[in-house]
Each structure stands twice: as structure tokens, then as C-alpha cells.
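See structure below.
Numbers restart at 1 for each chain; the letters A, B, ... are given by sequence-line order, proteins then strands.
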There are 2 protein chains.
Amino acid sequence: MATIVPISGDVSPLIQTRGNRLLAALSRDDAAMISPYLEPVSFAVGDYITRAGAPIESLCFFEQGIAGVLDSLDNDRRYAVGLLGAEGFVGWPLLMGDDRSPYDVTMRAEAGRALRIPADKLLAAIEQSATLRTTLLRFTHVFMLQMGRTIVSSLAHSIERRMARWILLYHDRVRADEICMTHEEFRLMLGVRRSSVTDALHRLEEEQAIRAVRAKVLVVDRAKLMALAGDTYGLPEQEYARLLE
Amino acid sequence: MATIVPISGDVSPLIQTRGNRLLAALSRDDAAMISPYLEPVSFAVGDYITRAGAPIESLCFFEQGIAGVLDSLDNDRRYAVGLLGAEGFVGWPLLMGDDRSPYDVTMRAEAGRALRIPADKLLAAIEQSATLRTTLLRFTHVFMLQMGRTIVSSLAHSIERRMARWILLYHDRVRADEICMTHEEFRLMLGVRRSSVTDALHRLEEEQAIRAVRAKVLVVDRAKLMALAGDTYGLPEQEYARLLE
DNA sequence: CAGACTTGGAACGGTTTCGTACAGAAACGT
DNA sequence: ACGTTTCTGTACGAAACCGTTCCAAGTCTG
């Protein structure tokens with residue numbers, strides 16, 4: 001069941017290499033500056049990387065797994081505002097002059113592996129190196145673009161089309177066509193009731209874009225998903241490539 | 001018609017002083033570094049400050065007026081992803097290592113006045129001063145928080161409640177209880193059809209939260225609007241106060 | 001003043017989505 | 001093996017929202 005399935009259709013523009021892509025993009029000097037402080041950590045699905053309101057004590061550069069960035073309303077329901085994997089890191093508010101995390105960040109879909117660095121070490125490093133700082137800020141910027149597209153997507157598109165987008169975002173961040181996602185997981189992303197998820201999944205299945213089995217989604221036709229997502233998918237990914245490669 | 005009406009109910013936490021609040025928050029040194037390059041400009045309603053995809057040649061610190069940050073889908077419809085006024089500036093992607101603007105930014109509701117600085121001058125300045133850089137990044141961070149709340153708002157709330165939120169965001173950025181907003185303006189923010197705006201406005205009027213006259217909304221009961229907006233309003237504003245004052 | 005344009009109000013049927021509730025199916029613990 | 005939990009499918013009426021169209025009222029222009 002944990003079989004690695006080759007990626008279907010077009011290849012995901014985001015995740016190609018092992019390890020964290022931001023770290024891989026660093027210059028030799030920048031990498032040398034922070035690597036002594038990087039410490040490997042792992043997370044199980046559901047684990048919290050940060051909690052809303054808590055001080056940021058360290059930053060995590062993911063090597064595997066998917067982190068969901070969640071905002072909660074009235075201490076009640078929670079909604080995803082974004083998603084990231086091995087292309088990014090968690091703790092960006094620190095670079096933006098905030099010492100607390102505004103969001104819950106939790107592992108989703110698959111277990112995570114990351115390199116963790118203490119906040120003070122990284123702050124010292126970006127004070128020294130403008131190129132390091134720029135690299136990290138560029139990722140933050142791309143994440144902001146993703147948030148922007150989440151807004152227009154939720155305003156303009158039906159549940160089915162928004163679902164296609166989220167599947168793509170997950171697909172980009174796993175190394176297989178098999179994505180572990182329960183309906184409840186989708187509910188978090190889409191902010192809809194669980195049975196609407198069921199219906200939308202069935203529609204995507206009828207269109208042969210995916211196959212859904214218990215707690216899993218199989219990407220069958222990536223091109224079809226991209227057609228459904230329209231412009232709500234793609235731009236942040238292109239910008240990542242342009243700015244960070 | 002351009003009469004200045006005193007602000008009703010609780011005072012807006014955002015705009016109290018004249019001039020740009022970020023510039024006002026700068027240290028003497030930081031201000032001295034950039035002020036030689038600041039040049040006053042004005043914009044009419046509808047004017048573009050930046051266009052999506054265009055290189056960022058200058059940054060604008062608003063002193064008056066409201067700027068809407070708009071994303072467009074399939075070169076067709078446009079949707080607002082955020083709003084800012086004299087508490088912020090336009091051109092933040094430059095600080096994040098991007099030289100192009102991802103969004104259209106246009107003047108809304110009322111004519112604008114701003115101080116403009118060439119991109120290269122500002123880049124040089126933030127290279128010199130970490131405090132200047134932090135101040136500007138903090139605003140960007142707060143803007144990101146606003147985007148996050150726009151996401152949860154559009155996922156969780158009805159048109160009426162989302163409208164209450166946008167009215168508050170506008171209210172904070174004008175110096176009166178009179179806000180110039182056509183139904184078409186709301187349509188842009190809410191991503192709904194124009195007649196839904198009409199209906200929602202009527203409901204808010206019935207509840208005595210606002211009064212709507214042609215092309216204008218009068219804030220009558222700010223507390224009621226805040227109750228409707230719930231947690232989708234307030235946090236970014238608090239964070240602005242915490243980080244920038 | 002006359003015509004053009006912008007803004008707002010109302011109505012239609014149709015679709016999407018909601019809230020809720022219930023039941024079957026698969027996985028899990030013991 | 002058994003009960004329990006998790007995940008999924010389905011159904012119901014109700015509400016929200018949609019696209020569209022038409023018209024009235026206000027504003028602007030010449």
C-alpha cells in the first residue's frame with residue numbers, strides 16, 4: 001500500500017529532487033553558514049509543527065511530507081489557508097519581523113521529515129547573508145501567491161474545481177500518484193460539508209480524472225485536473241521556478 | 001458630499017494620523033535615508049498603481065485613499081485579494097526578491113495621495129538598514145494575515161457577513177463614516193453577482209448596521225458590523241498595532 | 001433640455017450547497 | 001472473533017446563491 005507509483009501525465013513542476021529544495025538552492029557559503037545548526041526531525045500525520053499564537057522557536061525545512069497551514073475561526077472550525085512540502089519551510093513570520101506563529105501548522109497526508117534550525121541561529125544567519133534572506137523571502141512570497149489563488153478559487157469556482165486544485169497541490173508534494181486523503185481532509189481544505197466532498201469526488205471519478213479508494217485518491221489524469229483548476233493552479237508554481245532556480 | 005463625518009462607535013484601530021503610518025513609525029535615521037527620494041503623487045479612483053506582470057519601478061506609501069489588490073482569472077473576471085490605505089505601501093514583492101508585481105493594484109472608493117520612491121533607492125536603503133527592512137516586512141506580514149482571513153471568511157461566511165467585513169476594512173481606511181462604494185465595487189470584493197450585493201445591503205440596512213444611498217454606504221453601527229464579521233475582522237489590525245507601534 | 005450612461009431594484013427559474021441524519025463498509029483493537 | 005471506530009455513501013428538504021433580464025432612478029455631458 002505504501003508502494004511508490006510513477007508520476008502520471010505531466011510531471012509536477014515542484015518536487016523533483018530529494019531533500020529540501022530551498023536548502024538545495026543555497027550557495028555553498030549560505031549552506032555552510034546554517035548547516036551546522038540543522039537537526040533532523042520527523043513528524044507523524046497530525047503532528048503540530050507550530051501552534052497559532054505560540055512563539056517561533058525554530059524553523060523547519062521539510063524534506064518529505066505535507067504541512068497544512070490552518071487558520072481557525074471562533075476557536076471552532078479550522079480552514080486551510082495553504083499547503084507546503086519539501087519546496088519550503090515553516091516559520092517565515094520570523095523573517096517578517098514577527099516572533100509568533102499566526103497559524104497552526106500540522107502534518108497532513110503523509111509523515112514528514114524536516115531539518116530544524118533554532119530561530120536565533122537563523123536570524124543571525126540572515127543578518128549576515130542577503131542572499132540567504134532573499135531565498136527564504138522568495139519562498140514566502142510564492143506562498144503568498146498561493147494564498148491569493150486560494151482566495152480567487154474559493155470565490156470563483158465550484159467545489160469540484162476547487163477540489164481539483166487541492167489534489168494538484170498535494171500531488172506536487174508527494175512522490176507518487178497515490179495521495180492519502182480522507183473526505184475529512186478535503187473538508188478542511190474546501191470548507192464545505194463532508195458529503196459535498198463525497199459528491200465532488202464522484203464527479204471527478206466519473207470524468208476519469210482520479211480514482212478514489214478508501215482514505216486515498218489516485219491521480220489518473222493530471223491534465224484534466226489542471227483544466228478544471230484553470231488559472232487557480234500554476235502561477236505560484238511557475239514563480240517558484242522563476243525565482244528559485 | 002465630500003463632507004467629513006465624525007467616526008461612529010468604536011474608533012478604527014488603524015488610521016488615526018495624517019500621512020503614512022509606516023513612514024511615521026520609522027526612526028529618524030531611517031526616515032532621513034529615504035525621504036530625499038520620496039515624491040508626492042496622486043491618483044484618481046480607478047487609476048492603476050501597478051499592473052499584474054509589470055516590473056516594479058517604484059513603491060508607493062499612501063497618505064490617503066484606498067488601494068485594492070486585484071487578481072484576475074483567465075484574463076476575465078477580477079477579484080480582490082486585499083485592501084490597503086495609509087497604513088501601508090504598494091510594491092512589497094520587491095522586498096521579497098521579486099521584481100514584478102503579481103497583482104493589479106488600483107485606487108478605490110476615494111482619490112489617493114501617496115509618496116513614491118524609486119525601486120533602486122528603496123532597495124539600497126533596506127540593504128543599509130535592518131530596521132527599515134523589518135518595518136516594511138512587518139506590514140507585508142500583516143497584509144498576508146489579511147489575506148488569510150479573506151480565505152476563511154469566503155469559506156465560512158455568508159455574503160452578508162463577508163460584506164460586513166469589507167465595509168469595516170474600508171471604514172478603517174477612510175476618515176469618515178461615509179464610504180463611496182457602488183454595488184459593483186462590492187461585487188469585486190465578494191466575488192458574487194451584483195444583485196446579491198443589493199440583497200445583502202438591504203439586509204444590513206434592516207439590521208440598522210448601515211445606511212445605503214446611491215454609490216455610498218454610511219456606517220451606522222460599527223459594533224454590529226464587527227459582530228457579523230466575527231473573527232474574520234480584527235486580528236490583522238491587532239497585529240499591526242502590536243508590531244508597528 | 002435631450003440623450004447617454006451609471007447605479008440600483010426586482011423578478012424568474014435553476015443550480016449549488018447546506019444541515020442533518022442514517023446506514024453500510026472497511027479498518028482497528030483486544 | 002467481536003465490538004468499536006473511522007471512513008464512506010445516500011437521502012431529504014431548506015437555504016443560499018446563480019445567471020439573466022428588464023426597468024426605474026439618478027447623474028453626467030453636451
Requested in this report: Any chance you could lay out the side chain to side chain contact (heavy atoms under 4.5 Å, CB included) test for A:Leu83 and A:Met189, step after step, and finish with the verdict?
Outcome: CA-CA 9 Å; A:Leu83 211 62; A:Met189 301 293 136; 4.2 Å; yes

Provide, to the nearest angstrom, the distance between the [atom1] atom belonging to [X] and the [atom2] atom belonging to [N].
X	N	atom1	atom2	answer
B:Leu190	D:dC17	CG	P	10 Å
A:Arg187	D:dT8	CZ	P	13 Å
B:Glu185	C:dT6	CD	C1'	14 Å
A:Lys216	C:dA26	NZ	C1'	12 Å
A:Ile210	D:dT8	CD1	C1'	14 Å
A:Met181	D:dT6	CE	P	19 Å
A:Met163	C:dT17	CE	P	10 Å
A:Phe186	D:dC7	CZ	C1'	14 Å

Query raised in the report: A:His183 side chain N/O closer than 4.0 Å to the phosphate oxygens (OP1, OP2) of D:dT6?
Result: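 Checking A:His183 against D:dT6: no side-chain N or O falls below 4.0 Å of OP1 or OP2.
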
Query - Distance-only donor-acceptor test, B:Arg214 side-chain atoms vs C:dT6 base atoms, 3.5 Å - result: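 Checked by distance alone, the answer is yes.
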
Requested in this report: Would you check if B:Val192 and B:Arg162 make a side-chain contact, meaning some heavy-atom pair closer than 4.5 Å?
Outcome: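 In contact.
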
Requested in this report: State, without any angle test, whether B:Ser153 and B:Thr232 hold a side-chain donor-acceptor pair at a distance under 3.5 Å.
Outcome: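 Note: B:Ser153 and B:Thr232 side chains miss the donor-acceptor criterion.
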
Report task. Inspect the contact between B:Asp199 and B:Arg193 and indicate whether a charged nitrogen and a carboxylate oxygen are less than 4.0 angstrom apart. Result ->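 Looking at B:Asp199 together with B:Arg193, the answer is no, because their closest N to O distance does not fall below 4.0 Å.
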
Report task. State whether B:Glu184 and B:Arg194 are salt-bridged, where the test is any N-O pair (Lys NZ or Arg NE/NH1/NH2 against Asp/Glu carboxylate O) under 4.0 Å. Result ->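 No, B:Glu184 and B:Arg194 are not salt-bridged.
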
Query raised in the report: Is the backbone N or O of B:Glu87 less than 3.5 Å from a side-chain atom of B:Asn20, with the two atoms forming a donor-acceptor pair by type?
Result: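 Flag not set: sc B:Asn20 to bb B:Glu87 has no pair under 3.5 Å.
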
Query raised in the report: Is a donor on one side and an acceptor on the other found under 3.5 Å between the side chain of A:Glu239 and the backbone of A:Pro236?
Result: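 Absent.
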
Query raised in the report: If we fit an axis to the first five pairs and another to the last five of the helix from C:dC1-D:dG30 to C:dT30-D:dA1, what angle do they make, to the nearest 10°?
Result: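 One end axis against the other gives 50°.
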
Query raised in the report: Residues from residues 193-206 of chain B sitting under 4.0 Å of DNA chain C, heavy atoms only?
Result: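 Contacts with DNA chain C under 4.0 Å: B:Arg193, B:Arg194, B:Ser195, B:Thr198, B:His202.
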
Query - A:Arg187/A:Thr182 under side chain to side chain donor-acceptor pair (under 3.5 Å): CA gap, chis, key distance, verdict - result: CA-CA 9 Å; A:Arg187 204 195 56 72; A:Thr182 65; over 6 Å; no

Requested in this report: Determine the contact category for B:Arg77: base if any of its heavy atoms lies under 4.0 Å from a base atom, sugar-phosphate if only primed atoms, P, OP1 or OP2 are that close, otherwise nothing.
Outcome: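 Sugar-phosphate, backbone atoms only, no base.
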
Report task. Specify the residue among A:Leu155 and A:Glu184 whose closest nucleotide of DNA chain D lies further upstream toward the 5′ end. Result ->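 On the 5' side of the pair lies A:Glu184.
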
Query raised in the report: Which of these passes salt bridge (Lys or Arg N to Asp or Glu O under 4.0 Å) with A:Glu185: A:Lys216, A:Arg78, A:Arg108?
Result: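 Result: among A:Lys216, A:Arg78, A:Arg108, A:Arg108 is the only option passing the salt bridge (Lys or Arg N to Asp or Glu O under 4.0 Å) with A:Glu185.
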
